[in-house]
Visitor: 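Handing you a structure now.
Every number for a ligand or one of its atoms is a count from 1 in the order of the listing. Numbers here are sequence positions counted from 1.
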Amino acid sequence: MKPKDFPKEIKSFIIPKHHGKLIYRCLGCSREYGIDELLYTCPHCGQVLLIFDENFDRLKKIPGRIWRKIFDYRKMLTIPALKGIYLYHEFIGPVIPLESIIYLGEGHTPVIEANAFLQGEANLKFYFKNDGQNPSASFKDRGMASALSYINYLVQKGHTSDVLAICASTGDTSAAAALYASFLQPHVKSAVLLPHKKVTPQQLSQPLGSGAAVFEMPGVFDDCMKVVETLSENYNVALLNSKNAWRILGQESYSYEIAQAFEYDMENKVVVVPIGNAGNITAVISGFLKFYETGIIRSLPKILGVQSEHANPVYRYFLEPDAKKRKFIPVVVKPSVAQAAMIGNPVSMPRVIHLVDLYNSLSGRQNVFFVEVTEQSIMDWELLANRNGHIACTHGGESLAGLIVARKQKIVGQNDIAIVDSTAHSLKFSGFQEMYFENSFPPEFEISPNPDLINTPVYVHPDDLANVPAPGKPLHGEDFERFVQGISSKIAKILSLQKRQKT
Ligand SMILES: *Cc1c(COP(=O)(O)O)cnc(C)c1O
Ligand SMILES: [Zn+2]
């Protein structure tokens with residue numbers, strides 16, 4: 001639909017204006033800084049920052065009803081810059097002109113209702129949101145679209161040039177960073193730092209394929225993070241980890257999409273997210289808060305953060321019911337199939353502490369909850385979901401396992417409706433499925449396969465077949481006939497197929 005054909009009521013809003021006044025604000029000392037320069041931590045006290053819009057109140061002057069209409073109609077636009085996360089431009093990057101926006105197909109990922117069997121198992125209605133259907137196959141593309149659109153804007157304004165974007169990664173951040181940076185080459189180049197052997201082969205292939213400089217180092221993610229922090233403090237590089245508050249802004253789109261997918265009715269909804277570095281849950285909470293403050297949604301959904309027992313610092317922190325007595329203690333992580341969340345000292349912890357408090361108080365009750373799950377349950381639920389029509393990654397399995405725990409603990413009721421985040425595509429983590437099916441998990445994972453979930457290929461090669469075809473060596477005539485018959489009857493036997501009646 002062309003902008004001129006939109007209803008009168010919303011016509012003037014349909015193309016976003018960039019009237020925001022964004023600033024970095026420190027969560028530690030409340031100091032504020034302009035956004036002309038990329039900042040990651042407060043120059044005064046070293047805390048993480050969040051980006052706020054000083055003109056946010058202008059958005060409250062537009063009634064919620066009009067906003068809902070704007071977003072729903074915007075879906076009919078064909079302008080590439082507004083087809084992804086920037087459909088919610090006013091809430092994500094209201095200083096970025098449309099010409100600077102990079103759109104590679106991110107966002108608006110499918111929300112898929114679980115089948116009757118799975119809903120029966122979970123004992124409530126729930127949906128998966130398939131964030132693995134983003135361009136680099138994880139939700140990280142949302143944040144990278146935002147961070148790189150902003151960098152592109154700085155480049156176009158002449159504020160910066162020859163950017164070297166750098167990140168530490170458990171796999172998906174580097175895949176997304178390398179993809180978006182490669183779109184902006186030669187102005188932007190990327191370098192990624194990975195813990196050696198702690199990312200899957202698929203995840204390693206992604207930044208390599210995008211042409212990034214890829215470094216592997218000993219240790220775990222937390223060690224890589226320290227190195228990129230040191231690099232970003234001492235050298236002229238652009239840090240793309242979620243410490244970069246632009247990432248958080250982009251990832252808020254996840255919440256806006258959920259609101260829109262459920263016609264902005266957040267009553268009885270539970271949004272389930274896995275937690276690693278805690279950037280995602282920060283963004284999810286922040287996104288719902290913004291839609292709530294502007295009257296676009298009338299209630300705040302319940303948020304359920306899930307961690308593995310093998311990497312559970314956020315869960316542990318919130319175990320203490322008395323907020324004043326809570327103390328953050330980083331944990332030493334153990335191997336986890338939710339590998340992208342294997343983080344013991346989450347960078348966004350101060351943001352989470354700040355936002356959970358705000359979210360609960362605006363909800364008028366506790367509305368953010370945390371649970372921990374076993375490695376075994378992560379794999380079992382992932383595989384069960386995927387045997388029922390889903391494409392959940394291990395973190396999707398982790399989220400679902402967390403939902404089950406929350407049901408048992410009555411954090412989530414039978415009449416709630418859950419939206420479970422499958423943060424990446426199952427194919428990125430197929431190695432864990434393979435270990436499960438082959439019962440080859442190293443003992444540290446503490447996973448033993450449930451035989452009902454194991455699946456392995458059957459090689460069909462009847463003993464009495466002398467000749468079989470091979471590449472470049474096809475069979476002909478009777479040999480070929482015998483081969484096809486032999487294989488067919490073997491498969492029919494294994495599957496107990498009934499012979500078709502001859503008429
Ligand atoms: C990064 C990532 C997470 C964890 O998100 P955080 O923002 O680090 O908490 C979970 N799942 C997948 C697939 C990821 O790539
Ligand atoms: Zn500060």
Visitor: Collect the protein residues that have a non-hydrogen atom under 4.0 Å from ligand 1 and hand them over in chain and number order.
Guide: Phe139, Lys140, Asp172, Ile275, Gly276, Asn277, Ala278, Gly279, Asn280, Ala340, His395, Thr423, Ala424
Visitor: Would you kindly say whether His425 and Gln202 are connected by a side-chain donor-acceptor distance under 3.5 Å?
Guide: no
Visitor: Ignoring hydrogens, what is the shortest heavy-atom contact between Thr200 and Lys428? Give both atom names and the distance.
Guide: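 Minimum heavy-atom contact is OG1-O, 2.7 Å.
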Visitor: Answer yes or no: does atom CG of Asn236 have more than 12 heavy-atom neighbours from other residues, nucleotides or ligands under 6.0 Å?
Guide: no
Visitor: Angle class for the Phe126/Phe128 ring planes (parallel below 30°, perpendicular above 60°, tilted otherwise)?
Guide: perpendicular
Visitor: What is the ring orientation for Phe370 with Phe318, classed by angle as parallel under 30°, tilted 30 to 60°, or perpendicular over 60°?
Guide: parallel
Visitor: Take the Zn ion (ligand 2) as the vertex and measure to SG of Cys45 and SG of Cys42; round to 10°.
Guide: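 Nearest ten degrees: 110°.
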Visitor: With a cut-off of 6.0 Å (strictly less than), are more than 12 heavy atoms of other residues, nucleotides or ligands near CD of Glu37?
Guide: no
